Chemist: 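Mind looking over this structure? Questions follow.
These numbers were taken from a predicted model, which means no experiment stands behind them.
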Amino acid sequence: DDGHARQLSLLVDAVHEHGALAGIELAHNGPALPNRMSREVPIGPSSMPVHYNWDPITARAMDLEDIRDLRRWQADAAKRAASVGFDIVYVYGCHWYLLKQFLDPANRRSDEYGGSLENRVRLLRELLEETKEAVGDTCAVAVRFSAGSVMEEVEDSTSRDESRAVIEMLSDLPDLWDITVDDYSYEMGTSRFVKEGGLETTMRWVKDVTQKPV
């Protein structure tokens with residue numbers, strides 16, 4: 001909200017003082033968190049147990065009005081971020097948060113946001129397009145996206161194939177592809193557990209399917 005914007009403007013100024021770019025990740029956690037503080041019922045593409053916790057909480061399935069709200073929230077937040085000088089504004093589409101849940105093959109919604117890959121990508125595409133429209137040419141729009149899964153340094157080819165198809169579909173829509181993998185422990189693992197260049201196999205193909213910076 002506007003209060004956050006005022007606070008974050010101090011951070012942006014401090015970053016700019018050092019000649020660096022300031023970026024902000026705008027994300028909706030959806031069914032990943034239980035909302036213990038707000039007590040609001042979590043939302044997701046379908047009704048499902050909340051992840052990453054041991055609370056007996058179930059997310060509520062989003063209807064089309066909820067999806068319109070989400071799109072508006074993203075656009076409003078992007079405008080606020082641009083107004084205080086952020087150079088890069090993110091659409092966050094990975095790590096089992098809300099957009100990742102829409103992208104997942106398990107999303108079997110019966111409307112235009114579920115089922116086929118094209119339908120599952122629809123919300124990510126809309127948020128990218130509307131975020132770019134919201135900020136104009138004042139800053140770059142990046143997407144945080146998983147190039148696949150790794151398990152004990154072995155690629156999950158099914159995950160990789162769908163990830164490649166999504167990047168091909170959206171190829172040059174964002175200004176920047178910020179690529180990761182699904183597994184936080186591997187993405188951020190120390191050298192004791194993850195070898196140098198350990199993500200290369202999962203990510204090296206991305207530059208083949210987009211002309212935008214990766």
Chemist: Under 4.0 Å between a side-chain nitrogen and a carboxylate oxygen: does that hold for Arg164 and Asp161?
Modeler: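 No.
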Chemist: For residues Tyr90 and Gln74, is any side-chain donor paired with an opposing acceptor at under 3.5 Å?
Modeler: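 No - no donor-acceptor pair under 3.5 Å links their side chains.
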Chemist: Give me the ring orientation class for His95 and Tyr97: parallel if the planes are under 30° apart, tilted from 30 to 60°, perpendicular past 60°.
Modeler: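 Plane angle over 60°, so perpendicular.
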Chemist: Please check this pair: side chain of Asn119 against backbone of Gly114, looking for a donor-acceptor N/O pair closer than 3.5 Å.
Modeler: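 Yes, Asn119 side chain to Gly114 backbone: donor-acceptor pair under 3.5 Å.
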Chemist: Would you confirm whether Asp66, through its side chain, and Asp63, through its main-chain N or O, come within 3.5 Å as a donor-acceptor pair?
Modeler: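 Answer holds: yes.
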Chemist: Quick test of your reading of the model: are Asp1 and Arg80 salt-bridged, counting only N-O distances below 4.0 Å?
Modeler: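 Salt bridge flag = no for Arg80 with Asp1.
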Chemist: May I ask you to say whether Arg122 pairs ionically with Glu129, meaning some side-chain N is under 4.0 Å from a carboxylate O?
Modeler: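 Looking at Arg122 and Glu129, the cut-off is not met.
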Chemist: Please tabulate, for side-chain N and O atoms in residues 13-35, each donor-acceptor pair with protein atoms closer than 3.5 Å (sequence neighbours left out).
Modeler:
residue : atom : partner : partner atom : Å
His16   : NE2  : Asp87   : OD2          : 2.7
His28   : ND1  : Gly30   : N            : 2.9
Asn35   : ND2  : Glu40   : O            : 3.2

Chemist: Picking from Arg125, Arg71, Lys79, Arg72, what satisfies salt bridge (Lys or Arg N to Asp or Glu O under 4.0 Å) with Glu130?
Modeler: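 With Glu130 as partner, salt bridge (Lys or Arg N to Asp or Glu O under 4.0 Å) holds for just one option, Arg71.
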Chemist: Report yes or no: does His4 contribute a side-chain atom to a donor-acceptor pair with the main-chain N or O of Ala77 at less than 3.5 Å?
Modeler: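 Pair absent, no side-chain N/O of His4 close to backbone of Ala77.
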Chemist: Under a 4.5 Å cut-off applied to non-hydrogen side-chain atoms, are Met169 and Glu118 in contact?
Modeler: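 Answer yes - side chains close enough.
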Chemist: Could you tell me if the side chain of Pro42 sits less than 4.5 Å from the side chain of Ile57, heavy atoms only?
Modeler: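 Yes. Closest side-chain heavy atoms under 4.5 Å.
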Chemist: Evaluate the side chain to side chain donor-acceptor pair (under 3.5 Å) criterion for residues Asp172 and Thr210: first the C-alpha distance (whole Å), next the side-chain angles of each, then the deciding distance (0.1 Å), finally the verdict.
Modeler: CA-CA 6 Å; Asp172 294 333; Thr210 178; 3.3 Å; yes
Chemist: Is the shortest heavy-atom distance from the side chain of Ser163 to the side chain of Phe145 under 4.5 Å?
Modeler: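 In short, these two side chains touch, coming nearer than 4.5 Å.
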Chemist: Measure the spacing between CZ of Arg109 and CZ of Phe102 and express it to the nearest 0.5 Å.
Modeler: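 If we round to the nearest 0.5 Å, Arg109:CZ and Phe102:CZ are 5.0 Å apart.
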Chemist: Do Asp104 and Trp96 come close enough that some side-chain heavy atom pair is under 4.5 Å?
Modeler: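 In contact.
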Chemist: If we only count heavy atoms from C-beta on, is the Arg6 to Val84 side-chain gap below 4.5 Å?
Modeler: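 Heavy-atom side-chain distance check fails, nothing below 4.5 Å.
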Chemist: Would you find a donor on one side and an acceptor on the other, under 3.5 Å apart, between the side chain of Thr131 and the backbone of Leu128?
Modeler: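 No, because the side chain of Thr131 does not come within donor-acceptor range (under 3.5 Å) of the backbone of Leu128.
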Chemist: Do the side chain of Trp73 and the main chain of Arg68 share a donor and acceptor less than 3.5 angstrom apart?
Modeler: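 Here the side-chain-to-backbone pair does not exist.
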